[in-house]
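In what follows, a single structure is set out as structure tokens and then discussed.
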Amino acid sequence: MRKTLFCGLLAGCHLAANAQDIFQKDYTKPEATEVWEPKPKIVTPGAVPGMVAPPSDATFLFNGKTLDNWVMSADGSPCQWNLEDGVMTVKVGSGDVQTKQKFGDCQLHVEFRIPAEAKRSPDRNNAGNSGVFLQERYEVQIFDSYRDETPLYANGQIGSIYKQVIPLANASSKTGEWNTYDIYYTAPRFRFNGSLEKPACITLVHNGVLTLNHFEIQGTIQYIGIPRYELHDKASVKLQGHGSAVGFRNLWIREL
Ligand code: MG
């Protein structure tokens, strides 16, 4: 089992290393799952779309007017993030937020903006750090990776499934400007005894550029250690509050 998990991680990280290297790593340290190379190629988006109107069968998660669909992840209390000019913005220090409604397979549209001052953060880990968690577990990373000017491991930069895969391209907008994520997601399937039958799968289009192509998610995101699956049912869309005032607008979802 252990070897299977390690091999799965390797496949996800596109990491070329022999088995001996893997077993010599100390997986109690976060550095063990950082992959710095190769850096994804930088692609300038054709044009970042403005507000994309949802199709007729979509459900708004955030329409610019109310935070009523959201609660604090920690305790289910009302969402404390800021709502101003149609944008919901991370209230630094408040924590993650998540939808009241639970989802499985879905098409999810997200628009987000990393603050212009992100690079001046004294802590690079907070340089535009946020994220979109599918089913509360699987993070599509948000980070200030514009032109790769903020040093970070490649499998933790914008558009990665955090610490699992390097995106196929870096199509970031400048800080202070809007990005779009269009996410096509198939939830994991579990057997009646709780074991994994089929991993979750994700395709990501970032600013009109395909950056993840049917990637098999390796399990629940881990900052330290190896991802693994745990049995779960439908679950919320979660947005990460991670020390940076990232803004969101026009969030909608189609259940599949
Ligand atoms: Mg994050």
Side-chain angles (χ1 to χ4, degrees), residues 9 12-13 30-36 39-40 61-62 70 72-74 79-81 87-99 108 110-146 148-167 170-173 175-176 178-183 185 200 202 204 206-207 211-212 215 217-227 235-249 251:
L9 178 74
C13 292
E31 299 78 33
T33 48
E34 295 176 358
V35 181
W36 289 79
K39 291 286 188 181
L61 301 180
F62 174 64
W70 298 83
M72 301 309 297
S73 296
C79 180
Q80 297 171 24
W81 285 15
V87 178
M88 65 185 282
T89 302
V90 175
K91 183 179 178 185
V92 174
S94 69
D96 303 340
V97 299
Q98 64 188 49
T99 56
L108 175 62
V110 176
E111 299 180 19
F112 63 94
R113 181 178 61 189
I114 291 168
E117 68 277 12
K119 282 195 184 62
R120 295 201 290 271
S121 167
D123 175 1
R124 69 175 172 83
N125 290 319
N126 291 336
N129 198 344
S130 182
V132 180
F133 282 73
L134 284 310
Q135 299 199 295
E136 304 170 38
R137 293 164 175 81
Y138 314 116
E139 182 187 14
V140 183
Q141 171 73 309
I142 292 174
F143 194 82
D144 174 20
S145 303
Y146 179 67
D148 199 30
E149 290 166 3
T150 306
L152 190 72
Y153 36 96
N155 64 346
Q157 69 170 66
I158 198 165
S160 62
I161 300 300
Y162 183 70
K163 285 197 162 181
Q164 293 191 18
V165 68
I166 299 168
N170 177 353
S172 285
S173 303
T175 57
W178 288 97
N179 291 263
T180 61
Y181 272 170
D182 285 288
I183 294 168
Y185 174 71
I202 186 165
L204 173 66
H206 177 196
N207 289 339
T211 53
L212 296 174
F215 173 70
I217 294 173
Q218 305 288 302
T220 301
I221 296 301
Q222 303 289 341
Y223 173 58
I224 296 172
I226 307 297
S236 302
V237 173
K238 185 165 85 172
L239 301 177
Q240 187 182 46
H242 200 302
S244 182
V246 173
F248 293 87
R249 71 178 185 189
L251 305 176

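Read the numbers this way: they start at 1 and go in the same order the structure lists the ligands and their atoms. The model shown is predicted, which means the values in this text are computed figures rather than measured ones.
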Listing by chain and number, which protein N, O or S atoms are under 2.8 Å from the Mg ion (ligand 1)?
N129 OD1, S130 O, E139 OE2, Q141 OE1, Q240 OE1
Sequence neighbours excluded and cut-off under 3.5 Å, please list the side-chain donor-acceptor pairs for residues 88-97, or say none.
| from | atom 1 | to | atom 2 | distance (Å) |
| --- | --- | --- | --- | --- |
| S94 | OG | W81 | NE1 | 3.2 |
| S94 | OG | K91 | O | 2.7 |
| D96 | OD1 | G241 | N | 2.9 |

Is there side-chain contact between S145 and L152, with at least one heavy-atom pair below 4.5 Å?
no
Taking the side chain as everything from C-beta on, heavy atoms only, tell me whether Q141 gets closer than 4.5 Å to Q240.
yes
Here the gap from I217 atom CD1 to Y138 atom OH, rounded to the nearest 0.5 Å, amounts to 7.0 Å
For F112 and F248, take the angle between the two ring planes, folded into 0 to 90°, and tell me which bin it lands in: parallel under 30, tilted 30 to 60, perpendicular over 60.
tilted
Taking the side chain from Y181 and the backbone from G159, do they hold a donor-acceptor pair closer than 3.5 Å?
yes
